[in-house]
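The structure appears below as structure tokens.
Fair warning: this is a prediction, and the values are worked out from it, not measured in the lab.
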Amino acid sequence: MPRLLDGKLVRDQILSELKPRIAALHSRPGLAVVLVGANPASEIYVRNKVKTCEDIGLFSEKITPPATITTDELLNVIADLNARPEIDGILVQMPLPTHIDSRRVLLAIAPHKDVDGFHPYNVGNLVSGNPGPRACTPAGIMEMLRRCEIPVAGKNAVVVGRSDIVGKPMALMLLHQHATVTICHSKTADLPGECRRADILVAAIGKAGLIRGNFIKPGATVIDVGMNRLNTPAEVGAVFGDNAAKRAEFEKKGSLLVGDVHPLEVDQAGAVTPVPGGVGPLTIAMLMANTVAAAEAHTARS
Ligand code: NDP
């Protein structure tokens, strides 16, 4: 059986290391979270972020404009947060309602307060290897690899998915740590073959169980970023066939959370991240780390 890479354990390590850094600052680091409209999934994510702030002693402020807010009005909200000295980090929870120009909103966040690491200025810093906030999910994965002593240099890393928030920054971070990196996407000709070359396989696709057992090289480290909720018996059947245990679990819980890697086909892997409890907890931990680093930089400037 593969080694289970416990994201909660790594999260707890990261958070406990932040506490003395927070205590050393003359004021509490502040994170503003902007949640536009009512989106149940986003509300859960935001609640978890705010709760983690409280747990480790960060000041947090939740701003909840209605879904009818215009792009210009939202830009004013961001301008106000940019100007407030007690706010070190600004996070705009995505996705935004479709009538809002998300790109303009992300561009409006002051780069030194961009704790998501999505601003082009910070993406440029990542590309060039300059310091600055990094996208939280891939940064958390790098922390996990380091802390679990999984070597990266010289290894073949395959990243499936090329989004701006996970796949691309993930590939760059692995490259900076001297992996030989391949990026796959929906037009990749031979996905199983590419994946089978991976010593480190990162799946960031958003398709339940797409990565099957025959995609995985024996002994590979498999990082599953996907978070896919199966809500109907048909969806459960599409991934698990007539597996009685999974059907019973679905009946009991009403839905199943499944990664992009088929959870019943990882036996030959060397190590895997579970879903839930793998990558998810790391993302929030790195958001906290970025906020503390922004506050430290703020203190150093003032
Ligand atoms: P996006 O939808 O932005 O990107 C998905 C990527 O997967 C695209 O590059 C797409 O290719 C590729 N893809 C889609 N279908 C296939 C296929 N059949 N074969 C190969 N590649 C394919 O998703 P995100 O990057 O935002 O998120 C990916 C997953 O990670 C989601 O499940 C999301 O919920 C989860 N997530 C989890 C986080 C966590 O903290 N655990 C944080 C962020 C995301 P193309 O570019 O060609 O369309």
Margin query: Between Arg196 and Ile216, does the side chain to side chain contact (heavy atoms under 4.5 Å, CB included) criterion hold? Intermediate values first, please.
Written below: CA-CA 5 Å; Arg196 270 195 299 274; Ile216 299 173; over 6 Å; no

Table please: side-chain donor-acceptor pairs of residues 201-208 below 3.5 Å, with sequence neighbours left out.
none

With rounding to the nearest 0.5 Å, note down the distance linking [atom1] in [X] to [atom2] in [Y].
X      : Y      : atom1 : atom2 : value
Phe118 : Leu91  : CZ    : CG    : 8.0 Å
Asp101 : Leu107 : CG    : CG    : 8.5 Å
Ser102 : Leu96  : OG    : CG    : 4.5 Å
Leu5   : Cys148 : CG    : SG    : 5.0 Å
Cys195 : Ile211 : SG    : CD1   : 4.0 Å
Met286 : Thr291 : CE    : OG1   : 10.5 Å

Is there a path of hydrophobic side-chain contacts, each under 4.5 Å between heavy atoms of I, L, V, M, F, W or Y residues, that connects [X] with [Y]?
X      : Y      : result
Val181 : Val158 : no
Met144 : Val225 : yes
Val279 : Met94  : yes
Met170 : Val10  : yes
Val46  : Leu31  : yes

List the atom of [X], the atom of [Y], and the distance in Å for their closest heavy-atom pair.
X      : Y      : value
Ile56  : Ile22  : O-CD1, 3.3 Å
Tyr121 : Pro111 : CD2-CB, 3.6 Å
Pro151 : Lys155 : O-CG, 3.5 Å
Glu43  : Gly37  : OE2-O, 4.2 Å
Pro29  : Ala295 : CB-CB, 3.6 Å
Ala285 : Arg11  : CB-CG, 3.9 Å

Checklist line | Atom CZ of Phe59: over 12 foreign heavy atoms under 6.0 Å | finding: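 Yes, CZ of Phe59 has more than 12 neighbouring heavy atoms, counting only those of other groups under 6.0 Å.
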
Next item on the list: Answer yes or no: does atom CZ of Arg301 have more than 12 heavy-atom neighbours from other residues, nucleotides or ligands under 6.0 Å?
Entry: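 Count over threshold, so yes.
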
Between [Y] and [X], is there a side-chain heavy-atom distance shorter than 4.5 Å?
X      : Y      : answer
Leu145 : Ile223 : yes
Met142 : His176 : no
Ser60  : Val33  : no
Asn243 : Leu264 : yes
Lys62  : Thr64  : yes
Cys184 : Val159 : no
Ile200 : Asn156 : no
Pro138 : Arg134 : no

Under 3.5 Å, is there a donor-acceptor pair between the side chain of [X] and the main chain of [Y]?
X      : Y      : result
His262 : Phe240 : no
Asp114 : His119 : yes
Asn290 : Val115 : yes
His99  : Thr71  : no
Thr232 : Glu235 : yes
Glu194 : Asp190 : no

Assess whether a salt bridge exists between [X] and [Y], defined as any Lys/Arg side-chain N lying under 4.0 Å from an Asp/Glu carboxylate O.
X      : Y      : result
Glu61  : Arg84  : yes
Arg28  : Asp88  : no
Glu143 : Arg146 : yes
Glu149 : Arg3   : no

Next item on the list: Linking directly or through intermediates, with side-chain heavy atoms under 4.5 Å: list the remaining ILVMFWY members grouped with Leu257, chain and number order.
Entry: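 Members other than Leu257 - counting any ILVMFWY side chain reachable under 4.5 Å - are Tyr45, Met227, Val275.
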
Next item on the list: Just do the salt bridge (Lys or Arg N to Asp or Glu O under 4.0 Å) check on Asp12 and Lys8 with the steps written out, would you?
Entry: CA-CA 6 Å; Asp12 291 346; Lys8 291 184 185 162; over 6 Å; no

Next item on the list: May I have all residue pairs that pass side chain to side chain donor-acceptor pair (under 3.5 Å) and include part of residues 271-284, sequence neighbours excluded?
Entry: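 Sorted result for residues 271-284: Thr137-Thr283.
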
Notebook entry, point to check: Can you pull the side chain to side chain donor-acceptor pair (under 3.5 Å) pairs that have at least one residue in residues 211-230, sequence neighbours excluded?
Noted result: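 Every side chain to side chain donor-acceptor pair (under 3.5 Å) pair that includes a residue of residues 211-230, provided the two are not neighbours, is Asp199-Lys217, Arg212-Glu265, Asn228-Asp260, Arg229-Ser255.
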
Next item on the list: Evaluate the criterion side chain to side chain contact (heavy atoms under 4.5 Å, CB included) for residue pair Gln13 and Arg147; output intermediate values, then yes/no.
Entry: CA-CA 9 Å; Gln13 284 173 5; Arg147 289 167 190 260; 3.2 Å; yes

Notebook entry, point to check: Considering residues at least two apart in sequence or located in another chain, which fulfil the salt bridge (Lys or Arg N to Asp or Glu O under 4.0 Å) criterion with Glu249?
Noted result: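 By the salt bridge (Lys or Arg N to Asp or Glu O under 4.0 Å) rule, Glu249 matches Lys246, Lys253.
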
Item checked: Trace of the side chain to side chain contact (heavy atoms under 4.5 Å, CB included) decision for Cys53 with Val50 -> CA-CA 5 Å; Cys53 284; Val50 169; 5.6 Å; no

Checklist line | Set of side-chain contact (heavy atoms from CB on, under 4.5 Å) partners for Asn76, sequence neighbours left out | finding: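 For Asn76 there are no side-chain contact (heavy atoms from CB on, under 4.5 Å) partners, ignoring immediate neighbours.
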
Next item on the list: Check the pair Asn122 / Asp116 against side chain to side chain contact (heavy atoms under 4.5 Å, CB included), numbers first and verdict last.
Entry: CA-CA 9 Å; Asn122 291 319; Asp116 258 337; over 6 Å; no

